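Sending over a structure as structure tokens; questions will come in a sec.
Here is how names work: the chains are called A, B, and so on, in the same order as the sequence lines, proteins then strands, and each is numbered from 1. All values reported here derive from a predicted model rather than from experimental measurement.
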Amino acid sequence: MNLFEGVSTLGGIFVDKEALRSGYTPDTLPHREEQIENLVTILAPVLRGEPCSNVFIYGKTGTGKTATVKLVGRDLSEMGLLRGRGIDCVYMNCEVVDTQYGVLANLANYFIRTWQDRVPFTGWPLDKVYERMKQTLDSLMGTVILVLDEVDKLVAKSGDDVLYQLTTLNDDLVNSDMTLVGVSNDLRFADFLDPRVKSRLSEEEMVFPPYDASQLRHILMERAQIAFVEEALTEGALSLCSAMAAQEHGDARRALTLLRVAGEVAEREGLEIIETRHVRKAGMKIETDRITQAIKTLPIQSKLVMLSVVKGSDASASRLTTGEVYEIYEELSSALAIMPLTQRRVTDLISELDMLGLVNARVVSKGRYGRTREIETRIIPDKARFLLEEDDLLSHLAEFKPKVSQVRLM
DNA sequence: TGTCCACTGGAAGGGAGGGCTT
DNA sequence: AAGCCCTCCCTTCCAGTGGACA
């Protein structure tokens with residue numbers, strides 16, 4: 001008997017699952033008509049071969065910023081083609097490309113077709129990369145719209161030098177011109193920029209408000225029609241999805257993921273209909289998957305710090321201070337015979353764990369007894385321990401009890 | 001009101017690792 | 001092979017800080 005004999009050839013619940021994924025760009029974006037029109041007006045001069053203003057777009061995650069920019073970019077390039085104007089829309093996510101070198105090299109490589117001419121991912125001096133990028137763009141004799149998504153991540157990591165370079169690029173270009181579209185979900189981001197960069201980058205500003213529950217419901221309904229077979233989605237499940245996402249600052253991306261996972265859960269149960277319980281299950285599954293993934297992919301030192309927090313909170317009811325976590329960390333390091341990092345570095349790792357949502361760390365002042373951070377795990381300790389001890393190296397620490405926390409118990 | 005603790009978090013810089021150029 | 005550049009991870013140094021306590 002074949003192992004796949006029992007698997008149905010019919011799609012089950014889904015017709016086109018892609019419609020619920022974050023990379024999908026639909027043909028219409030409900031409740032973003034105003035923003036789309038705005039962006040079209042700003043970028044329209046490009047079609048007449050005139051320069052247009054740089055744009056800065058703000059809005060929380062899942063408010064349709066990226067989808068709007070991609071949709072407008074796609075139509076603009078198409079219209080350019082029809083009218084015989086070369087318009088290229090280059091999209092870059094600065095969470096992935098987060099260095100000056102990376103942005104310049106990727107921009108150049110987007111247009112370079114031959115391997116031997118491409119900019120290597122490291123190795124060249126920056127001015128050489130800039131020069132190659134400039135030449136490449138100039139040889140296009142057209143317009144480039146560069147979209148820098150999550151641009152705040154780029155600036156946080158590499159400063160605003162690259163933005164300055166890009167905003168002044170037009171002065172260096174003879175045959176082509178470039179327009180920058182910066183996208184950020186941090187509203188105060190521009191305040192930290194060099195004033196020259198700020199004024200050049202935000203010639204036009206747009207703000208994307210969060211969706212409310214009824215708007216989310218409408219968006220989900222439209223996508224569900226593409227994604228699911230008819231009648232697969234119940235009213236209750238739809239409402240619950242939009243309500244849950246509306247609670248999380250109106251995040252449409254989350255709502256769509258919730259719907260997709262709910263569909264997968266129902267499908268796995270062999271059902272052809274999605275009910276509210278599937279949405280609830282999906283909500284829990286997404287969160288567990290996120291945590292599992294986050295812990296498993298931590299570098300070893302971060303895992304060790306995380307384990308120190310878990311072992312520390314095992315032994316003590318009160319929250320741990322940075323100093324206590326570091327003492328446990330030192331013990332664990334010596335048990336594994338690895339060189340411990342400095343406390344300074346460990347504080348940074350704790351901040352990273354905090355940002356990943358794996359621990360809670362807040363700065364408190366204990367007056368005479370100093371200023372420190374109070375740290376506690378945000379995950380069920382047994383679950384965290386289980387995931388951490390899956391690491392070969394850390395599995396040796398399963399029975400290890402730190403001395404420090406034993407002292408604290410008395 | 002001033003002191004002092006236990007850090008926080010910024011800045012600078014070292015060095016390993018990846019890759020290019022000559 | 002030597003010299004250079006950039007990024008990443010880390011250390012070292014140190015000014016700054018909130019609030020309990022004397």
Open item on the list: For the CG atom of A:L332 and the CD1 atom of A:I338, what is their distance to the nearest 0.5 Å?
Closed with: 9.0 Å

Task: A:R344 (side chain) and B:dG10 (base): donor-acceptor pair under 3.5 Å - done: yes

- [ ] Check the distance between C:dC6's P and A:L104's CG and give it to me in whole angstrom.
- [x] 11 Å

TODO: Between C:dC8, C:dC21, B:dG9, spot the one nearest the side chain of A:R373, thanks.
DONE: B:dG9

- [ ] Give a yes/no answer on whether the side chain of A:T342 brings an N or O atom under 4.0 Å of OP1 or OP2 in C:dT11.
- [x] yes

- [ ] In whole angstrom, give the distance that lies between atom CG of A:D127 and atom C1' of C:dC6.
- [x] 12 Å

Open item on the list: Nearest whole Å is fine: how far is B:dT8 P from A:R362 CZ?
Closed with: 14 Å

- [ ] For B:dT8, take OP1 and OP2 only and decide whether either is under 4.0 Å from a side-chain N or O of A:T322.
- [x] yes

TODO: Report the distance from atom CZ of A:R368 to atom C1' of B:dT1, rounded to the nearest whole Å.
DONE: 14 Å

- [ ] Round to a whole Å and report the spacing from CD of A:Q343 to P of B:dG9.
- [x] 13 Å

Open item on the list: Strictly under 4.0 angstrom, non-hydrogen atoms only: write out the protein contact profile of nucleotides 13-22 of chain B, one letter per nucleotide from the 5' end, B, S or -.
Closed with: -----BBSS-

Task: Cationic tip of A:R260 above A:F228 ring, under 6.0 Å, 45° of axis - done: no

- [ ] Examine A:K311 relative to A:F400 and say whether NZ or CZ is less than 6.0 Å from the centre of the six-membered ring and inside a 45° cone about the ring axis.
- [x] no

Task: A:E374 CD to C:dG18 P, straight-line distance once rounded to whole Å - done: 16 Å

TODO: Round to a whole Å and report the spacing from NZ of A:K366 to C1' of B:dT8.
DONE: 15 Å

Open item on the list: By nearest atom, which of the nucleotides C:dA20, C:dC6, C:dG18 is closest to the A:L126 side chain?
Closed with: C:dC6

Open item on the list: What is the distance, to the nearest angstrom, from the CG atom on A:L341 to the P atom on C:dC9?
Closed with: 12 Å

Task: Residues A:K17 and A:E264 bridged, charged N to O under 4.0 Å - done: yes

- [ ] For the residue pair A:L166 and A:L201, establish whether any side-chain heavy-atom pair is separated by less than 4.5 Å.
- [x] no

Open item on the list: Please pick, from C:dC9, C:dC6, B:dT8, the nucleotide with the shortest atom-to-atom distance to any side-chain atom of A:R345.
Closed with: C:dC9

Open item on the list: Salt bridge check, A:R223 against A:E18: does any charged N sit closer than 4.0 Å to a carboxylate O?
Closed with: no

Task: A:M133 and A:V119, any side-chain heavy atoms less than 4.5 Å apart - done: no

